[in-house]
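Shown next, in structure tokens, is the structure this report addresses.
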Number of protein chains: 2
Amino acid sequence: MKSRTTCCRDLEKWLEPDTFRALGEPSRAALLMLLAGTPGPRTVGELAAELPIDLSVVSRHLKVLKDVGVVTAERRGKEVRYRLACGDLVHMLRNLADALESCCPTAAIELEVRR
Amino acid sequence: MKSRTTCCRDLEKWLEPDTFRALGEPSRAALLMLLAGTPGPRTVGELAAELPIDLSVVSRHLKVLKDVGVVTAERRGKEVRYRLACGDLVHMLRNLADALESCCPTAAIELEVRR
DNA sequence: CCTATATTTGCACTATGGCGCACATATGCA
DNA sequence: TGCATATGTGCGCCATAGTGCAAATATAGG
């Protein structure tokens, strides 16, 4: 059994508002879907061609996603290839799920909420 | 050709911008931490007492979190007890991680090697 | 050096949303 | 009924941020 005051330190570590705010914007979520939908990297122009927003806006969204570590960018000549940081993202989500689970003994809560 | 839409259907299902936008607000993230830090439900007043924002704002934040299914509310006399929907949240995070992993090139390779 | 292509950035506009205050609503109790 | 406590809501203020356009930057090729 863990102490109540220290049980959620991991939660604080993985529940980063900046990351979730980045994922919470519809255009950026669409970008993630596009990046996840095809193997290999994609350029800004390719991504912008499939979204109803300006290319400059796509570029800015990709910067936001890159700043929180959700995507990575690699310059290749004139183009910049963005790819999903899939491993890191999956790692973060699983760690957050584990932290939440350790904080929330659902069985105990169910017992306490009896009537 | 849009074959990519077939491999990430689950991703689209679990990557809901509304949920992540709710989690991406610092005050709401703090509320989640408070709810996760102690077992059992907490009232609006209790939560507001630990945050530097007005109680009415806390009430609104809790409504946002409730609307996306991250917390649940139960009226108990004059009070309303909010508690973290921990199971659902963990379930969503794990499913999203699985969906992302299935979309990852490396994961796809591993899946094929495994067969 | 000049041009073409790809991406980023400056700028202004606008929409969204967090915030506090005042007030309304809900519930319990005398 | 009347009052006290707890929570939700209407309203306006203001900061943040998404958007498009145009200019600036980066890179490759002639």
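Just so it is clear, the model here is predicted, and its values are computed rather than measured. Order of the sequence lines fixes the chain letters, A, B, ..., with proteins taken first and strands second; residue numbering starts at 1 for each chain.
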Please list, chain by chain and in numerical order, all residues satisfying salt bridge (Lys or Arg N to Asp or Glu O under 4.0 Å) with A:Asp54, sequence neighbours excluded. none

For B:Glu50, is there an ion pair with B:Arg42 - N to carboxylate O distance below 4.0 angstrom? yes

Do the side chains of A:Arg76 and A:Glu74 get close enough for a salt bridge, i.e. N-O under 4.0 angstrom? yes

Could you tabulate the donor-acceptor pairs under 3.5 Å formed by side-chain atoms of residues 15-24 of chain A, not counting sequence neighbours?
residue	atom	partner	partner atom	Å
A:Asp18	OD1	A:Arg21	NH2	2.7

Tell me the closest heavy-atom pair linking A:Ala85 and A:Gly69, and the distance in Å. CB-O, 3.4 Å

Distances for protein N/O vs nucleotides 15-19 of chain C N/O pairs under 3.5 angstrom?
residue	atom	partner	partner atom	Å
C:dG17	OP1	B:Arg21	NH1	3.1
C:dG18	OP1	B:Arg28	NH1	3.2
C:dG18	OP1	B:Arg28	NH2	2.7
C:dC19	OP1	B:Ser27	OG	3.1
C:dC19	OP2	B:His61	NE2	2.5

Provide a list of protein-nucleic acid N or O atom pairs under 3.5 angstrom, restricted to nucleotides 1-6 of chain C.
none

Side-chain donor-acceptor distances from residues 60-68 of chain A under 3.5 Å, at least two apart:
residue	atom	partner	partner atom	Å
A:His61	ND1	A:Arg28	NH1	3.2
A:Lys63	NZ	A:Asp67	OD2	3.4

Residue whose closest nucleotide on DNA chain D lies nearer the 5' end, B:Ser59 versus A:Arg76: B:Ser59

In whole Å, I'd like the distance from the CD atom of B:Glu46 to the P atom of D:dA6. 10 Å

With sequence neighbours left out, the residues meeting salt bridge (Lys or Arg N to Asp or Glu O under 4.0 Å) with A:Arg94 are B:Asp98, B:Glu101

Could you state the atom-to-atom distance from CD of A:Glu74 to P of C:dT8 in whole Å? 13 Å

